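For clarity, every value in this text was computed on a predicted model and none was experimentally measured.
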Amino acid sequence: FFVRMGQLRDVLVMVVCGVTASAASPPHIVFIVSDDLGFNDVSFHGSQQIPTPNIDAIANRGLKLMNYHVQPVCSPSRSTFMSGRHVIHTGIYMPFPQGTPLRLHLNYSLLPQYLKRCCNYSTHMVGKWHLGQNVMAALPIGRGFDTYLGYWSGAEDYYTHDTKGAYDFNDDTAPSSLRPAVEFNETYSTFVFTQRAVSVISQFSSASTNKMFLYLPYQNVHWPLEAPQEYVDEFMKLPGILDSRAHVCAMAKVMDDGIGNVTQALKSAGILQDTLIIFSSDSTRACTSLTNTLPSLRLVLLAFSDGGPTHGNEGTSSNNFPLRGGKNTIWEGGTRVVGAIAGPGIPTTGATTYTKFHASDWLPTLVSMASGQDWKTFISPTEPAYQLGDGMNLWPVLSGTVQESPREWLLLECHPEGQSVEHGNAFIYGDMKIIKLGQTHPEDENGNFPPSGVMNPEDVDYLIKCGDGKPRVGPFNASQCTQKYCLFNVTADPCEYTDLADVMPDVVQQLVQKLALFQATAVDPVGPEGCSPVKIPVGGNGAVAWQPCDAPQHP
């Protein structure tokens, strides 16, 4: 089934500028997420290692979001995508360990529930969840999705789908049908997810009266580093490349091919012209080929990543060069990620914008776009109020309806002053960023590290420009910004080379005062709620699978 996509740089999507979605006819939405994809792991950002024609086509036919930020690790970013709430209010600062009763609070409505509430969407999820699995209500089908295929945990084997000694790969249908999908044991997850996504899409046509929301968070390129050997062999040919880096490249490429298959399925179903496609990664880390130009489309496409890549941290080798830092840090390399959008009302020129955008903005932006109304109309009166720091509707900014964005600031993370917890405090206002690191800041992520197997970094045309065209390479002082706030001009110095705190103390104080408004509402890290997930027998051969503790019946 899975067919590799060829060179597609100029043929994926044409969109009509000036067309907008309306409440009478909202678009289909396909929200694709990549896990731990690096800022420098797509070719339109300057990577000369990984050809990503399908992701590039989104950026080149729309708007490149070059000041788009997420949280620095998995569960926090995913909770922010789905809830529209900042982690300072959900308490999800770190990823959920497998087998624990941790979850995103059940009193929040999530994106699929909003889309049902506003526009009667048919909602489907395929891929990684990582927002709770201990009880039925915490699962995707308990939080607004009609169907689900994938794994609930944060990391597992791509082929055996094992994590912590049990199978985690379920095929579920709302409201309460659960089934460990053991038939996919030994099948690479990207192939399974792509095939199911294509199957979901095939259920819709131009005559469909209800619209599709498909959330497709791929496993790639999170550890363990596993990919089909034919893909790995391609990248092992690069001079000087390390095995870990070749695997990450292969995993990114196989995902890009899968995205091409999904796009082709939309075309085959006759709904590509009426589909909003989103591509994302939840944290950065370190098919038949389309050979004909597609017609002008009523389509929105977004591409973005969710956190920083790892330079060897967690045993992997994604890449965020030339930015400083990576996953589990609040340096720019830990939160500033790939982003692009194309579609109705979005310029088709492949232009670049440095307008600030945060992961929490997707829910209000997409609900407002789909409904044609203020997204706040659809907030349930029974759930907690949204607060300062939560998401904004930036559709008027993205579509060019307004020129001045209401988002003057970006809150990356914060805690009450004096608490050196989690990743720390980081806040951007205008051009300036203050940062003070917390207890979680891996030293092997504190620096600017190009990937193995590439030419001299000074000869690469990176989309982010640092150091007068001569980007720095190597680690930084591990103690910097741990005892007091540092200050960086992240517009002029996006790679955070020069700390300005000593020469601009008044600016530091101004930003600290602004940050205090957010610190006042920051909550403690979320704690366990209820029973833990359980392992149940499957297959009759001694195998076990993870299931929620309150499942009505175990298969």
Side-chain angles (χ1 to χ4, degrees), residues 69-73 75-94 102-109 307 328-332 334-335 356-364 375-376 379-394 405-441 481-488 490 501 504-527 529:
H69 289 254
V70 298
Q71 301 310 125
V73 72
S75 296
S77 289
R78 292 166 191 265
S79 67
T80 307
F81 293 152
M82 288 289 103
S83 71
R85 299 173 186 271
H86 202 282
V87 297
I88 68 167
H89 298 139
T90 64
I92 303 177
Y93 301 102
M94 298 297 290
L102 293 170
R103 64 186 186 227
L104 175 61
H105 284 311
L106 301 181
N107 55 356
Y108 302 140
S109 293
N328 263 320
T329 77
I330 46 178
W331 299 112
E332 291 293 280
T335 66
K356 296 177 177 65
F357 200 98
H358 187 262
S360 61
D361 297 331
W362 290 117
L363 185 149
W375 72 281
K376 295 180 180 178
I379 299 175
S380 169
T382 62
E383 65 182 285
Y386 285 79
Q387 302 180 70
L388 176 66
D390 294 333
M392 302 179 182
N393 170 24
L394 294 186
S405 174
R407 182 167 283 292
E408 299 178 306
W409 49 266
L410 284 164
L411 175 65
L412 305 182
E413 186 172 317
C414 73
H415 307 272
E417 194 60 39
Q419 293 187 13
S420 179
V421 298
E422 310 308 348
H423 303 102
N425 297 326
F427 176 67
I428 300 171
Y429 189 85
D431 298 331
M432 310 305 290
K433 173 182 178 179
I434 54 171
I435 176 173
K436 184 163 65 174
L437 302 178
Q439 62 190 14
T440 302
H441 56 279
C481 313
T482 57
Q483 301 302 314
K484 64 177 184 177
Y485 281 104
C486 294
L487 176 70
F488 298 94
V490 289
M504 303 178 71
D506 54 333
V507 175
V508 174
Q509 185 59 35
Q510 290 171 14
L511 267 63
V512 167
Q513 291 175 355
K514 292 181 181 296
L515 179 62
L517 299 176
F518 300 93
Q519 292 175 307
T521 63
V523 300
D524 292 334
V526 66
E529 297 184 72

Check: Side chains of Y93 and I88: does their closest heavy-atom pair fall under 4.5 Å?
Finding: yes
H89 meets the ring pair (Phe, Tyr, Trp, His ring centres under 6.0 Å) criterion, sequence neighbours left out, with none
Residues at least two apart in sequence or cross-chain that pass salt bridge (Lys or Arg N to Asp or Glu O under 4.0 Å) with K436, listed by chain then number, are E417
Side chain to side chain contact (heavy atoms under 4.5 Å, CB included) filter on S405, not counting sequence neighbours, yields T355, L394, V397, R407
On a heavy-atom basis, the closest approach of P364 and G391 is CG-C, 3.7 Å
Taken to the nearest 0.5 Å, the spacing of L437 CG from K484 NZ works out to 13.5 Å
Taken in chain and number order and not counting sequence neighbours, the residues that satisfy side chain to side chain contact (heavy atoms under 4.5 Å, CB included) with S380 are S109, R117, T382, E383
Exercise for review: Decide side-chain contact (heavy atoms from CB on, under 4.5 Å) for Q71 and R78; before the verdict, give the C-alpha distance in whole Å, the side-chain angles of both, and the deciding distance to 0.1 Å.
Suggested key: CA-CA 9 Å; Q71 301 310 125; R78 292 166 191 265; over 6 Å; no
Those residues at least two apart in sequence (or on a different chain) that pass salt bridge (Lys or Arg N to Asp or Glu O under 4.0 Å) with K376 are none
- Message: Counting C-beta onward and ignoring hydrogens, is there a side-chain heavy-atom pair between N425 and I434 closer than 4.5 Å?
- Response: no
- Carefully, step by step, assess E332 and I435 under the rule side-chain contact (heavy atoms from CB on, under 4.5 Å). CA-CA 10 Å; E332 291 293 280; I435 176 173; over 6 Å; no
Contacts of T90 meeting side chain to side chain contact (heavy atoms under 4.5 Å, CB included) (sequence neighbours excluded), chain-then-number -> S79, S83, R85, V87, I92, L104, Y108
Residues at least two apart in sequence or cross-chain that pass salt bridge (Lys or Arg N to Asp or Glu O under 4.0 Å) with E408, listed by chain then number, are none
So do the side chains of V70 and T80 get within less than 4.5 Å of each other, counting heavy atoms only? no
**Item:** Any donor-acceptor pair under 3.5 Å from E529 side chain to L102 backbone
**Value:** no
**OP:** Answer yes or no: is there a side-chain heavy-atom contact under 4.5 Å between Q439 and E422?
**Re:** yes
Applied to residues 418-440, the ring-ring contact (aromatic ring centres under 6.0 Å, His included) test, sequence neighbours excluded, yields F427-F518
Contacts of D524 meeting side chain to side chain contact (heavy atoms under 4.5 Å, CB included) (sequence neighbours excluded), chain-then-number -> none
* Checking K356 side chain against G430 main chain: does a donor-acceptor pair fall under 3.5 Å? -> yes
I330 and L412 have their tightest heavy-atom pair at O-CD1, 3.9 Å
Original post:
Going by the angle between their ring planes, with limits at 30° and 60°, are W331 and F488 parallel, tilted or perpendicular?
Top reply: perpendicular
Side chain to side chain donor-acceptor pair (under 3.5 Å) pairs touching residues 506-516, sequence neighbours excluded, are none
All heavy atoms of H358 vs all of S360, minimum pair found to be ND1-OG, 2.9 Å
Given side chains that start at C-beta, do those of M504 and L511 come closer than 4.5 Å, heavy atoms only? no
Across all chains, not counting sequence neighbours, the disulfide (SG to SG under 2.5 Å) partners of C414 are none
| query | Are the side chain of D390 and the backbone of H86 linked by a donor-acceptor contact shorter than 3.5 Å? | reply | yes
For V421 and E413, the nearest pair of non-hydrogen atoms, with its separation, is O-OE2, 4.4 Å
